[in-house]
> 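Handing you this structure, nothing more for now.
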Amino acid sequence: MEDSQIIELYWQRSENAITETSNKYSRLLLSIAINILGNYSDAEECENDTYIAVWNTIPPTRPNIFSAFLSKIVRNISINRYEYNRAKKRNSEYDLILSELEECVASGMSVEESYVAGEVSSFIDEFLKEQKKETRVIFVRRYWYADSVKDIADRMKISESKVKTVLFRTRKELQKFLAERGVIV
Amino acid sequence: MTGSGLFREIGNISEEYVVEAENYKKQLSREIKILTSPAFRKTLAAAACLAVSFGLVVTVQRMGISRDSASGDAMENRATTYQMTSSEELSAQGMLTGDMAAEDAVPEAAMEMGEGVVSESAEEKSSGNLEEDALKDTGKAKESAEEEAAENVCEYPLLPEGSEDSTAMESAEAWSSEAVRERLSEYPNDYEALLNQENALIITQRNVYAGQDIWDDFRMHVAERKPVQIDIIRFTIEGDAIIETVYYDGEMFRLCVDYSRDSYRGTGDAYYEATYPYMQMSEQILEDGKKSVEYILTNSEKPAVEILESGNEQERSALEYYSIVYIVE
């Protein structure tokens, strides 16, 4: 079923909306949730929470790209769930991703949180626009989809060492980019 | 801001980049499938059948051999070069009579190729070239293979600047050693600078570091017998670069290797040049379970791997080959 037709089911408040969404996007949503949470049961709960969130959001929202809309919701829900569970469970892969991103914001000096929420993402957009497509895809797969290095290498038919090198260089460039814009000190 | 905060902020980037990353894999998978699909090879055979039925001589180069090292037995040899000269020979080979599967595969493969080749550099390709040739009327089908090759000759990339003699570049014999060596010498010596080269296939530690799309494009051109050229940068264990350039004119492969940056080459010549009629691909499962993939240029129609392992000294001494790509997956 086309995305526009599924969205129309939400507007009609048809219960089939969630069924059709699940049929088409369950695998995508689960993969994102599992990448962050590291276990299937928590990921499944987040997937179900996503359907509820979408039901409550559409209408009035009418998303442009339905897959990205769903992915963003499950990503945020999964992050919240991870932080809720953090005392009890740890996902080594997601922890690794967070520690990598710490490098971007760690400067050795005291960090002042003077940025405006939402402004940083527009800076990152600006940064990504300047990158080569392959670099951008690797970065987004790692830090948006939370894929493992191995999964990225398999997906893109390149070596894991190359993925790590690209990520390392891109994080350094992002750090410099954000520092120039006063996001980090 | 913490790493967790940055991770959340990244979640709000433009949907365009999210979708781009989601779709990237699908494009690559379809290209590779087309290059190696049985339907593609059947299409090649079907197109060749139709061309030969009008008394044409067609030579097709194919590649592919797998070897199961665990059993020690070579699997069926798929590295084949064949020459069809008459309808009778084709009938004897069963290629003209009753092979309805090949004919039926043509429109299916045409759709697959038409949909599948979606890379940025391939958008201009006529993905149904072979199918169009197969389905066109007899007037077009009578065009000779040499005329086709001439029409498809790409601008020779190795001419010294200012040279306007593009007609001389229609065959491998017009290779200019001096121009090639001069161009390869213009690559930097610095390791980091070489890694950043954008127009070459770069291999480090037996892995593709960059330029996978360039390599895919090269193999696609070879499979379609279209002229193409590629530069390959490899590194020795010591980190010295060996730079290869391969030019395929639709019939022959011309190779030039620049060893000038290899500090361990001893007193050998800094350059190696050779011409080969065939390119073969060999896969092998290594002892640690990993798979190696090797592409070699060779003068042998028979798989080079078989010759090397056969113990036949006469064949081995006559064999010429050069490994241009060796990667371990």
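Chain naming here is simple, since letters A, B, ... match the order of the sequence lines and numbering starts at 1 in each.
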> Does the salt bridge (Lys or Arg N to Asp or Glu O under 4.0 Å) test come out yes or no for A:Asp49 and A:Arg81, once each step is laid out?
CA-CA 11 Å; A:Asp49 288 344; A:Arg81 174 62 67 92; 3.7 Å; yes
> Using a heavy-atom cutoff of under 4.5 Å, enumerate the residues of residues 1-14 of chain A that contact chain B, numbered in order, or state 'none'.
none
> Any chance you could lay out the salt bridge (Lys or Arg N to Asp or Glu O under 4.0 Å) test for B:Glu20 and A:Arg141, step after step, and finish with the verdict?
CA-CA 10 Å; B:Glu20 177 189 57; A:Arg141 289 307 314 187; over 6 Å; no
> What part of A:Lys129 gets within 4.5 angstrom of chain B, counting heavy atoms only: side chain, backbone, both, or neither?
both
> Where do A:Glu93 and A:Val149 come nearest, in terms of heavy atoms and distance?
OE2-N, 4.3 Å
> Go through the atoms of B:Leu195 and report whether side chain, backbone, both or neither lie under 4.5 Å from a heavy atom of chain A.
side chain
> Using non-hydrogen atoms only, which part of A:Thr165 is less than 4.5 Å away from chain B: side chain, backbone, both, or neither?
side chain
> A:Leu178 versus chain B, heavy atoms under 4.5 Å apart: side chain, backbone, both or neither?
side chain
> What residues, two or more places apart in sequence or in another chain, satisfy side-chain hydrogen bond (donor to acceptor under 3.5 Å, both in side chains) together with B:Asn189?
B:Arg261
> Quick one: list whatever passes ring-ring contact (aromatic ring centres under 6.0 Å, His included) with A:Phe127, sequence neighbours left out.
A:Phe177
> Who are the side-chain contact (heavy atoms from CB on, under 4.5 Å) partners of B:Arg8, not counting sequence neighbours?
A:Ile79, A:Asn80, A:Glu83
> Judged by atom type as modelled, is there a donor-acceptor pair below 3.5 Å linking the side chain of A:Asp147 to the main-chain atoms of A:Ile152?
no
> What part of A:Arg171 lies closer than 4.5 angstrom to a heavy atom of chain B: side chain, backbone, both or neither?
neither
> Kindly say whether the aromatic ring centers of B:Tyr191 and B:Phe235 come within a distance under 6.0 Å.
yes
